[in-house]
Amino acid sequence: MSYQNLLIADANNVRVLTINRPDQLNALNRATIDELDRALTEAEADKNVRVLIITGSGAKAFVAGADIKEFANFSIPEGKSLAADGHTKLFTHVERMNKPVIAAVNGFALGGGLELAMSCHLRVASDNARMGLPEVSLGVIPGYGGTQRLAWLVGKGKAMEMIFTAGMIKADEALQWGLVNHVVPQDQLLAKCNELAATIVKNSPTALAAAIRAVNAGYEPGADGLQREIEEFGKCFGTADFKEGTGAFMEKRKPVFTGA
Ligand code: COA
């Protein structure tokens with residue numbers, strides 16, 4: 001499939017999706033969100049892709065937010081549908097992917113950019129990254145999940161402060177807050193993400209998908225995360241991966257998982 005605003009590269013069962021609008025600091029317009037939706041669906045269905053890395057093009061920005069120029073003249077219904085569409089097509093879609101998604105935060109991650117990074121399962125930032133939710137400085141609030149996911153990751157107090165001040169924090173502070181998993185020099189960012197991915201790729205795809213569903217369930221309104229864990233744990237016993245993993249342990253060899 002061809003894309004205008006995305007680059008796609010595969011190696012060693014890892015797909016790197018690069019948002020490619022560097023002259024606009026990779027701002028998320030609706031066309032880019034539609035393309036990401038398609039690319040995620042494609043990656044979900046591709047058994048050769050076991051981990052996804054999402055990053056931004058150029059040395060300056062991961063994603064500098066939703067495209068302000070595109071939504072500046074929107075009406076109330078258009079604003080609401082912008083947020084709702086974004087949730088479905090991109091942010092919830094990433095969060096519910098059936099394989100681990102790592103955000104390689106290679107610079108500014110602001111507004112929708114930080115919201116995209118927070119929707120990913122893991123975040124690795126370059127040391128020049130700057131993160132923030134500046135929406136209230138534009139007269140709006142975070143609309144792509146930021147009011148919820150930031151509080152989940154760093155706690156309500158820090159989330160409120162970041163949203164109220166519209167300020168940016170540096171990568172080392174984000175690491176201290178638990179907002180990112182690792183910080184590395186910019187020229188080592190993709191290598192670090194690939195190193196993490198290579199460790200994950202050795203594990204069972206069916207178990208990884210089940211783990212994502214179980215962890216997410218704890219954050220879904222009305223869902224019982226512990227009950228979901230029990231269900232997902234039980235279902236693992238019916239998979240070929242489980243037979244392979246336990247069999248390999250007993251035969252003292254490395255497992256070869258197929259994701260079945
Ligand atoms: N939406 C649309 N365009 C954006 C954008 C966004 N969120 N962020 C950056 N751009 C565009 C700029 O308009 C500029 O385009 P132009 O050359 O056609 O005018 C280009 O990207 C480069 O950005 P610029 O502002 O010149 O770079 P800078 O180094 O001076 O500043 C930022 C970098 C990230 C601090 C600044 O671009 C910024 O504040 N962006 C908006 C962040 C934001 O509020 N995001 C939340 C949106 S809800």
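Quick caveat: nothing in here was measured; it's all calculated off a predicted structure. Remember, it's 1-based here, ligands and their atoms both numbered in the order they're listed. Here, residue 1 is the first one in the sequence, and each next residue gets the next number.
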Less than 4.0 Å between [atom] and some protein heavy atom, yes or no?
atom	result
atom 13 (O) of ligand 1	yes
atom 18 (O) of ligand 1	yes
atom 36 (C) of ligand 1	no
atom 31 (O) of ligand 1	no
atom 25 (O) of ligand 1	no

[atom] - nearest protein heavy atom and its distance:
atom	result
atom 16 (P) of ligand 1	Lys69 NZ, 3.8 Å
atom 44 (O) of ligand 1	Pro134 CG, 3.4 Å
atom 4 (C) of ligand 1	Gln24 O, 3.9 Å
atom 1 (N) of ligand 1	Ile68 N, 3.0 Å
atom 5 (C) of ligand 1	Ala27 CB, 4.1 Å
atom 23 (O) of ligand 1	Leu25 CD1, 3.6 Å
atom 20 (C) of ligand 1	Asp23 O, 3.3 Å

Looking at [Y] and [X], is there a salt bridge between them, counting it only when a charged N and a carboxylate O are closer than 4.0 Å?
X	Y	result
Arg38	Glu42	no
Asp46	Arg15	yes
Glu231	Arg213	no
Lys170	Asp127	no

Contacting atoms of ligand 1, where contact means under 4.0 angstrom from a heavy atom of [X]:
X	value
Leu110	34 (C), 42 (C)
Leu138	44 (O), 47 (C), 48 (S)
Phe108	33 (C), 34 (C)
Asp67	1 (N), 2 (C)

Nearest option to atom 7 (N) of ligand 1, as decided by whichever heavy atom of Gly107, Pro142, Ala72, Ala66 sits closest: Ala66
Candidate with minimal heavy-atom separation from atom 43 (C) of ligand 1, of Gly65, Gly111, Ala64: Ala64
Test your reading of the model: is there a side-chain donor-acceptor pair from [X] to the backbone of [Y], 3.5 Å cut-off?
X	Y	result
Arg123	Ala117	yes
Thr165	Gly167	yes
Asn13	Asn48	yes

Nearest atoms (heavy-atom pairs only) where Gly113 meets Phe62: O-CE2, 3.2 Å
Close side-chain approach of Thr41 to His93, heavy-atom, < 4.5 Å: yes
Worked check of salt bridge (charged side-chain N to carboxylate O under 4.0 Å, His left out) between Glu244 and Arg253: CA-CA 10 Å; Glu244 171 63 13; Arg253 62 173 175 82; 2.8 Å; yes
Heavy atom of Asn29, distance to ligand 1 below 4.0 Å: no
Min heavy-atom dist Lys60 to ligand 1 below 4.0 Å: yes
Candidate pair Asp241 and Thr206, rule side chain to side chain donor-acceptor pair (under 3.5 Å), full reasoning: CA-CA 7 Å; Asp241 274 4; Thr206 55; 3.1 Å; yes
Parallel, tilted or perpendicular: rings of Tyr144 and Phe91 (30°, 60°): parallel
